[in-house]
Amino acid sequence: MKITPKSLYQILFKHFGKLNWWPTDYDYHKKTGSDPRFEVIVGAILTQNAAWLNVEKALENLKSKTLLDIKTISKIDIKLLQKMVKPTGFFNQKAKRVKNLAEYLESNYTGNLDSFFKRNLKEIREELLMLNGIGPETADSILLYAGNQPIFVVDAYTKRICKRLPIDINPTYDEIQNFFQDDLSKKYKKNEILKIYNELHALIVIHAKTYCKSKPNCIKCPLKVYCKHAKELTQ
DNA sequence: GTCCAGGGCCGTT
DNA sequence: AACGGCCATGGA
């Protein structure tokens, strides 16, 4: 049986319901006057091949010392930043990446994320991809979850699921992204797309953590009637 | 002890 | 273009 991005969304939404994805610390940003979007940006870098629990620890380290804003990070002592982000692993490169991005935003946009995001989507994306340590997934996460730009985020989970489901595309980043965006942008209204991209990515993550793990747990999987992998297991 | 988590870079084929 | 090694911590 065929499956489309829209039906994938509907099935997963029915199964998991609404998710509170990529939360930011409202109290912290209210108290300090910092931009909550920058917390998302930093989180997007720190979560590279890392468990979110460890990212939360790093963000807490930064917030407990009131360091989580663009101007402060752009001037931070790199050794201190390494110490703060250590729980997320790869802390040398991640500290460099976070500081580098903060410096970039500070010097080119005076640390103002409104002027950074208030431009053409492709333009912002190209710009993010130029920066060291910002690949397609991190760029798109920043665009979608910090910038509220309509772009679908593809991650390792999305690739895994696409490989197992009967989806006839080669599972590269761009192919998968186009596959999702082409279908969803046709079937949903423009004012719904942002929410759909946002929620579907979150649903894919929870689905991959619950059922479509590296060692899959197909017994109660809501997609098993569609899935090549689940059928192979029952043979 | 082993596996793996909300990737990206760089060098080799 | 695609692949492999590398970066590194912490929880299961």
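A salt bridge links A:Asp114 to A:Arg37: one of the charged nitrogens lies within less than 4.0 Å of a carboxylate oxygen. Here A:Asp183 pairs with A:Lys187 in a salt bridge; the nearest charged N to carboxylate O distance falls below 4.0 Å.
Rounded to a whole angstrom, the distance from the P atom of B:dC10 to that of C:dA8 is 14 Å.
Rounded to the nearest 0.5 angstrom, A:Thr72 OG1 and A:Leu67 CG are separated by 6.5 Å.
Between A:Phe152 and A:Tyr197, the two ring planes are perpendicular [angle over 60°; tilted spans 30° to 60°].
At a threshold of 4.0 angstrom between heavy atoms, the contacts of A:Ser141 with the nucleic acid are absent.
Between the NZ atom of A:Lys94 and the P atom of C:dG10 there is a distance of 12 Å, rounded to whole Å. Between the P atom of C:dA8 and the CG atom of A:Asn92 lies a distance of 4 Å, rounded to the nearest Å. Between the CG atom of A:Asn54 and the P atom of B:dA5 there is a distance of 13 Å, given to the nearest Å. In this entry the distance linking CG of A:Asn61 with P of C:dT9 reads 14 Å, nearest Å. Atom NZ of A:Lys57 and atom C1' of B:dA5 are 12 Å apart (whole Å). Per the geometry, NZ belonging to A:Lys213 stands 10 Å off P belonging to B:dA5, to the nearest Å. Protein atom CE of A:Met84 is 17 Å distant from nucleotide atom P of C:dA8, rounded to whole Å. The nearest whole Å value for the distance from the NZ atom in A:Lys215 to the P atom in C:dA12 is 17 Å.
Looking at heavy atoms from C-beta onward, A:Leu19 lies in side-chain contact with A:Ile206 at the 4.5 angstrom threshold. The closest side-chain heavy-atom distance from A:Asp155 to A:His201 is below 4.5 Å.
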Reading nucleotides 7-13 of chain B from the 5' end, what letters show protein touch, with B for base, S for backbone sugar-phosphate only, - for no heavy atom under 4.0 Å?
BSS----
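A side-chain N or O of A:Asp140 and one of A:Tyr173 form a donor-acceptor pair less than 3.5 Å apart.
Taking side-chain N and O atoms only, A:Thr88 has no distance below 4.0 Å to OP1 or OP2 of C:dT9.
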